[in-house]
Amino acid sequence: MRRVPAKLLLDHSSVVAPALLGKVLRVDLGEGDVRSGRITEVEAYGGLDDPASHSARGETPRNRPMFGAAGTVYVYFTYGMHWCANIVTGAVGDPQAVLLRAVEPIEGLDAIRAARPRARRDRDLANGPAKLCEALGIGQWANGVALGADVGGRSIRLLDDGTSPPAVPLVGPRVGISVAQEIPWRFRVPS
DNA sequence: TCTGCGATAATA
DNA sequence: ATTATCGCAGAC
């Protein structure tokens, strides 16, 4: 299980996004609590040219991590109660990111179930951007942190276990946006 | 399975 | 006012 090379993350988000399908997201929360899942759904968000992106109107305190280096994690709080996580792509100053929308749990299933008490079926554990964060324990602590970096005993890694991205991913419009709905930047592993 | 709706607070 | 969401209730 090797680390995803930084080079893969350094490109336009719409190019990186489908390449992340099948990769393994592993969160180490310390004290033996390790949770991971295979990425099955993502969305690309661009910079100033993408009106649906948090970075569309320039840099603010919230979106600052998007302007950082490729491989930075951007976590935001929304709807008054949910955390969602992105992987930043592209060069410093070019605010692009891939929203992680769904994973299928691999490691730490018991901890994941405990973190998602409202999920009645296992398929509902991490099949949404906020569910994914709650399941894997991703929160504000991860905002602005580089993949692989240690944050007080916690870390997030992106790994390749040999699974290839789907040759033909399902593609469609991004979810939950009110502008730029015609841009097909949502990518899913075919079921 | 699907559709509609309320929760809840940071952001601009 | 809006929001890169979720889970519940009710209809079928």
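Convention: sequence-line order gives letters A, B, ...; per-chain numbering from 1. Just so it is clear, the model here is predicted, and its values are computed rather than measured.
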Using only heavy-atom distances, decide whether a donor-acceptor pair under 3.5 angstrom links the side-chain of A:Tyr79 to the base of B:dA9.
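No, no donor-acceptor pair under 3.5 Å.
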
Quick one: is [X] getting a side-chain N or O under 4.0 Å of the [N] phosphate, OP1 or OP2?
X	N	answer
A:Arg118	C:dC8	yes
A:Arg101	C:dT5	yes
A:Thr60	B:dT11	no

Are any of the side-chain nitrogens in A:Asp33 or A:Arg35 under 4.0 Å away from the carboxylate oxygens of its partner?
yes

Would you call A:Asp122 and A:Arg113 a salt bridge, using N to O less than 4.0 angstrom?
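So A:Asp122 pairs with A:Arg113 through a salt bridge.
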
Looking for any heavy atom pair under 4.0 Å, which part of the strands does [X] touch: base, sugar-phosphate only, or nothing?
X	answer
A:Ala52	base
A:Arg174	nothing
A:Asn86	base
A:Ile177	sugar-phosphate

Regarding the side chain of A:Arg116, the nearest nucleotide among C:dA4, C:dC6, B:dA7 is C:dC6

Against the side chain of A:Arg57, the closest entry in B:dA12, C:dC6, C:dA4 is B:dA12

Whole-Å distance between [N] [atom2] and [X] [atom1]?
X	N	atom1	atom2	answer
A:Leu125	C:dG7	CG	C1'	14 Å
A:Trp83	C:dC6	CH2	P	15 Å
A:Asn127	C:dA4	CG	C1'	16 Å
A:Met81	B:dA10	CE	P	12 Å
A:Arg120	C:dC8	CZ	P	7 Å
A:Asp50	C:dA4	CG	P	11 Å
A:Leu100	C:dT5	CG	P	13 Å
A:Phe77	C:dT2	CZ	C1'	15 Å

Counting only Watson-Crick or G-U wobble pairs whose two distances fall under 3.5 Å, which nucleotide matches C:dT5?
B:dA7

Looking at A:Gln96, is its backbone amide N or carbonyl O close enough to the side chain of A:Ser53 to form a donor-acceptor pair, meaning the two atoms are under 3.5 Å apart?
no

Between the base of C:dA4 and the ring of A:Tyr45 - centre-to-centre under 5.5 Å, planes within under 30° - is that a stack?
yes

If you pin A:His54 and A:Lys131 to their nearest nucleotides in DNA chain C, which one's is more 5'?
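It is A:His54 whose nearest nucleotide is closer to the 5' end.
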
Report the distance from atom OG of A:Ser13 to atom CG of A:Asp50, rounding to the nearest 0.5 Å.
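Answer rounded to 0.5 Å: 7.0 Å.
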
Output the distance between atom CG (A:Asp49) and atom OG (A:Ser55), rounded to the nearest 0.5 Å.
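Separation between the atoms: 8.5 Å.
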
Classify the ring geometry between A:His54 and A:Tyr74 as parallel (under 30°), tilted (30 to 60°) or perpendicular (over 60°).
perpendicular

